[in-house]
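Notes to accompany the following structure.
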Amino acid sequence: QVPLVESGGGSVQAGGFLRLSCAGAGNAYGRKCVAWFRQAPGKEREGVAGVSIDSGTTNYVDSVKGRFTISQDNAKNTVTLLMNSLKSEDTAMYYCAARPTSGCPLTAFWYSDWGQGTQVTVSS
């Protein structure tokens, strides 16, 4: 199985932006749904955004709506998370996850494939 590999994390000031990428996503690898999760120290893993690869349907957790955009590049089998207007509370390790069925519930239980994560740190 091709691993999911995240990239693009880093440190930014509040109000800035980052673009995360997840390689190994998409239909070519039997992945019908790809989502981004995040986990801050001492907190549970939280679903942030998901995209159904076949339909392009996206969903977001309320706290990032209007600021984050998830998109897919089917030719490159990559899913990107563009994060704008970053806040200190967005600081976390961000993980890409995938599952072989369509529909993207933002609950970690439903995902079988996970990347190693990329750190995002937002300073105020």
Side-chain angles (χ1 to χ4, degrees):
Q1 182 72 301
V2 174
L4 296 169
V5 180
E6 302 96 335
S7 61
S11 298
V12 294
Q13 290 190 331
F17 72 94
L18 283 172
R19 181 181 286 109
L20 306 183
S21 291
C22 177
N27 266 328
Y29 307 113
R31 290 158 173 157
K32 297 291 187 180
C33 162
V34 179
W36 285 93
F37 288 78
R38 65 187 179 186
Q39 189 166 19
K43 294 189 177 181
E44 293 187 356
R45 192 164 295 192
E46 174 190 39
V48 174
V51 58
S52 290
I53 299 300
D54 288 340
S55 67
T57 301
T58 59
N59 57 322
Y60 299 89
V61 68
D62 284 347
S63 61
V64 308
K65 286 180 180 177
R67 300 189 298 122
F68 291 11
T69 303
I70 190 170
S71 61
Q72 59 191 75
D73 184 332
N74 292 332
K76 296 181 179 180
N77 290 294
T78 299
V79 168
T80 297
L81 183 69
L82 177 61
M83 306 185 295
N84 287 312
S85 302
L86 283 163
K87 305 175 181 179
S88 57
E89 51 262 45
D90 294 318
T91 295
M93 184 71 80
Y94 282 70
Y95 298 90
C96 178
R99 62 191 228 131
T101 53
S102 59
C104 292
L106 296 181
T107 304
F109 172 83
W110 295 107
Y111 292 80
S112 52
D113 296 340
W114 291 86
Q116 294 299 306
T118 186
Q119 178 68 37
V120 170
T121 302
V122 184
S123 57
S124 57

Starting at CD1 of Ile70, measure out to OG1 of Thr57 and round the result to the nearest 0.5 Å.
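Taking CD1 in Ile70 and OG1 in Thr57, the distance rounds to 11.5 Å.
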Looking at NZ of Lys43 and CE of Met93, how far apart are the two atoms once the value is rounded to the nearest 0.5 Å?
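Here the rounded value is 15.5 Å.
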Decide yes or no on side-chain contact (heavy atoms from CB on, under 4.5 Å) for Asn59 and Leu106, but give the supporting numbers first.
CA-CA 8 Å; Asn59 57 322; Leu106 296 181; 3.6 Å; yes
Closest approach of Asn77 to Ala28 (non-hydrogen atoms, all atoms of both residues)
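Taking every non-hydrogen atom into account, OD1-CB, 3.3 Å.
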Grab the two heavy atoms, one from Thr101 and one from Cys33, that are nearest each other, plus how far apart they are.
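That would be O-CB, 3.5 Å.
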Taking the side chain as every heavy atom from C-beta outward, state whether [X] and [Y] have any pair of such atoms under 4.5 Å apart.
{"X": "Val79", "Y": "Arg31", "answer": "no"}
{"X": "Ser63", "Y": "Glu89", "answer": "no"}
{"X": "Phe68", "Y": "Leu81", "answer": "yes"}
{"X": "Lys32", "Y": "Asn27", "answer": "yes"}
{"X": "Met83", "Y": "Trp36", "answer": "no"}
{"X": "Gln72", "Y": "Val34", "answer": "no"}
{"X": "Leu86", "Y": "Leu18", "answer": "yes"}
{"X": "Pro3", "Y": "Gln116", "answer": "no"}

Using a 6.0 Å cut-off, check whether atom CD of Gln13 has over 12 heavy atoms from anything other than its own residue.
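No.
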Is it the case that one hydrophobic cluster holds both Val48 and Leu82, taking links as side-chain heavy atoms less than 4.5 Å apart, direct or via other members?
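The answer is no; the residues belong to distinct hydrophobic clusters.
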May I ask you to decide if Val122's main-chain N or O and Thr91's side chain share a donor-acceptor pair within less than 3.5 Å?
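Flag set: sc Thr91 to bb Val122 pair under 3.5 Å.
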Name the one of Tyr95, Tyr111, Trp110, Phe109 that satisfies ring-ring contact (aromatic ring centres under 6.0 Å, His included) with Phe37?
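Testing Phe37 for a ring-ring contact (aromatic ring centres under 6.0 Å, His included) against Tyr95, Tyr111, Trp110, Phe109 leaves exactly one candidate, Tyr111.
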Less than 4.0 Å between a side-chain N and a carboxylate O, is that true for Lys87 and Asp90?
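Answer for the salt bridge query: no.
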